[in-house]
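Have a look at the structure below before the remarks.
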Protein chains: 2
Amino acid sequence: MEYYSEKISKLISELGTLPGIGAKSAQRLAFFLLDCPQEKVERLIGSSKDAKENVKYCSRCFCLTDREICPICSNKNRDEKIIMVVENTKDMAAYERIGKFNGLYHVLNGVISPMMGIGPQDIKIKELILRLQKEPVEEVVIATNSSVEGEATAMYISKLLKPAGIKVSRIANGIPVGGDLEYVDEITLLRALEGRVIL
Amino acid sequence: MEYYSEKISKLISELGTLPGIGAKSAQRLAFFLLDCPQEKVERLIGSSKDAKENVKYCSRCFCLTDREICPICSNKNRDEKIIMVVENTKDMAAYERIGKFNGLYHVLNGVISPMMGIGPQDIKIKELILRLQKEPVEEVVIATNSSVEGEATAMYISKLLKPAGIKVSRIANGIPVGGDLEYVDEITLLRALEGRVIL
């Protein structure tokens, strides 16, 4: 049986397809949209359309941006000699937020995942190689996630770049700052031990 | 400093104004929308617009619907002698889902809340009184929430209707089914005791 009229049900089911939005949240969002002023809904729709139509990949680092070359790539003060390889634009933003990395980025827009049928040719690895041939890069920091796919991708890129004589590094695994050893998994504990730093 | 280009930031901040969507979820939703096929975004926008334009209050029970009279009010098999008063359309749907209530509803679309400046005239109480004068109602079940505002609204309606000789009832307070007494608050425990049922 239907509890809501058709147009409301349709809106709820559309909202329910968004990531992290379950049945209850979808219902809550739908009624929020129905209740709120018309201009607010139009603003939301407008910014979705605007972003969808105008956002594309930066032609240098492949992050999502609304310009041809993103603000980071076109910033002359950034150090061109070091490139951080990340999985997606969100991860790039995470590092930008701390404001301590002054190099450039390269956004893969995915990870190698045979399970999902994603091979090296499906992500921006070829484009990374091309950049390395044109740009004066000395070090590539691989900052893919610490997942199986992220590790495999890091390994793949590292094997590809090392013969070319480029320094390849990987961000460290270890205990998160403020983290409690008691709640940290065994592999992380092991990596933290292996990666210990002399004081 | 901005981590994303302007159009992405704008979309994230618009999404962040939705209920239950924090900064991280807004970011996740924005990138989902940017990544997903154009037609999916259009479907979402379309159903939002369609619902926003066509959904209005049922002229009898004031639930949100896309018809003049909602399917429940226009169903001849429902018992017109009993009306359940609920705060909003979602609460109506919660009772419809169990499928055991065969009467009609009256949706207040709010609760009396002096703190928020909402008085009896701001919710559909006058409309309830008018319905009771026209329809053959014998019992009004008040199913507003068990919050301070919900209780106050229930009390207000009850005092208004009783002199007219209409039977007014209130849904029971008590231990939720499957609930553990240990985790139930004191007022609920007290209400459960007061409302005990002879076996």
Side-chain angles (χ1 to χ4, degrees), chain A residues 1-15 17-21 24-25 27-36 38 40-56 58 63-67 70-72 88-90 92-97 99 109, chain B residues 1-15 17-21 24-25 27-36 38 40-56 58 63-67 70-72 88-90 92-97 99 109:
Chain A
M1 170 164 182
E2 280 215 18
Y3 316 117
Y4 298 119
S5 60
E6 193 210 327
K7 288 181 204 299
I8 303 181
S9 300
K10 208 175 144 217
L11 177 58
I12 294 175
S13 73
E14 278 297 333
L15 290 168
T17 62
L18 296 174
I21 307 292
K24 287 267 169 185
S25 304
Q27 189 178 290
R28 190 176 172 200
L29 283 175
F31 282 97
F32 173 82
L33 291 176
L34 288 170
D35 273 344
C36 74
Q38 181 72 33
K40 175 159 178 57
V41 177
E42 270 160 22
R43 229 171 28 237
L44 186 67
I45 289 176
S47 59
S48 301
K49 274 190 172 167
D50 193 28
K52 193 75 190 164
E53 279 159 21
N54 294 297
V55 171
K56 54 195 172 206
C58 164
C63 74
L64 288 166
T65 180
D66 49 16
R67 308 190 203 169
C70 77
I72 296 170
N88 54 49
T89 310
K90 274 180 282 185
M92 181 182 98
Y95 259 102
E96 274 307 282
R97 229 166 266 141
N109 287 294
Chain B
M1 173 166 176
E2 280 216 16
Y3 316 118
Y4 298 120
S5 61
E6 193 210 327
K7 287 180 204 301
I8 303 181
S9 299
K10 205 174 146 216
L11 178 58
I12 293 175
S13 74
E14 278 299 332
L15 290 168
T17 62
L18 296 173
I21 308 291
K24 286 267 169 185
S25 305
Q27 188 178 288
R28 191 177 170 198
L29 283 175
F31 281 98
F32 173 82
L33 292 176
L34 289 171
D35 273 344
C36 75
Q38 181 71 32
K40 176 160 176 58
V41 177
E42 268 160 22
R43 232 172 25 240
L44 185 68
I45 289 176
S47 60
S48 301
K49 274 191 171 167
D50 193 28
K52 194 74 190 165
E53 277 159 22
N54 294 298
V55 171
K56 54 194 174 208
C58 164
C63 74
L64 288 167
T65 181
D66 48 17
R67 307 189 205 170
C70 77
I72 296 170
N88 55 49
T89 310
K90 273 180 284 186
M92 182 183 99
Y95 259 102
E96 274 305 283
R97 229 167 267 141
N109 287 295

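Labels below follow one simple rule: chain letters A, B, ... track the order of the sequence lines, proteins then strands, and each chain is numbered from 1. Everything quoted here is computed from the prediction, not taken from an experiment.
- Distance alone, capped at 3.5 Å, is enough to place a donor-acceptor pair between the D66(A) side chain and the K7(B) backbone.
- Listed options R67(A), E53(A), Q38(A) were ranked by heavy-atom pairs under 4.5 angstrom with chain B; first place goes to Q38(A).
- Shown are T89(A), D50(A), L64(A); of these, the side chain to side chain contact (heavy atoms under 4.5 Å, CB included) with V55(A) is made only by L64(A).
- For the pair L18(A) and F32(B), the minimum side-chain heavy-atom distance is below 4.5 Å.
- If you tally non-hydrogen atom pairs under 4.5 Å between each of K49(A), K10(A), K90(A) and chain B, the highest count goes to K90(A).
- Both the backbone and the side chain of S48(B) have a heavy atom closer than 4.5 Å to some heavy atom of chain A.
- Ranked by heavy-atom pairs under 4.5 Å with chain A, the list A30(B), P19(B), G99(B), S47(B) is led by P19(B).
- Interface remark: S13(B) contributes no atoms to any contact with chain A (heavy atom separation under 4.5 Å).
- The shortest distance between side-chain heavy atoms of S5(A) and I8(A) falls below 4.5 Å.
- Neither the backbone nor the side chain of P71(B) comes within contact range of chain A; no heavy atoms are under 4.5 Å apart.
- K40(B) pairs by the salt bridge (charged side-chain N to carboxylate O under 4.0 Å, His left out) definition with E14(A), not counting sequence neighbours.
- Between the side chain of T65(A) and the backbone N or O of C58(A) there is no donor-acceptor pair closer than 3.5 Å.
- Between chain B and the residues C70(A), C36(A), A94(A), G46(A), the largest count of heavy-atom pairs under 4.5 Å involves C36(A).
- Using a 4.5 Å cut-off between heavy atoms, L15(B) touches chain A through backbone and side chain atoms alike.
- The side-chain heavy atoms of Y4(A) and Q27(A), taken from C-beta on, include a pair separated by under 4.5 Å.
- Heavy-atom distances place no part of S25(A) under 4.5 Å from chain B, backbone and side chain included.
- For E42(B), no part lies near chain A; criterion is any non-hydrogen pair under 4.5 Å.
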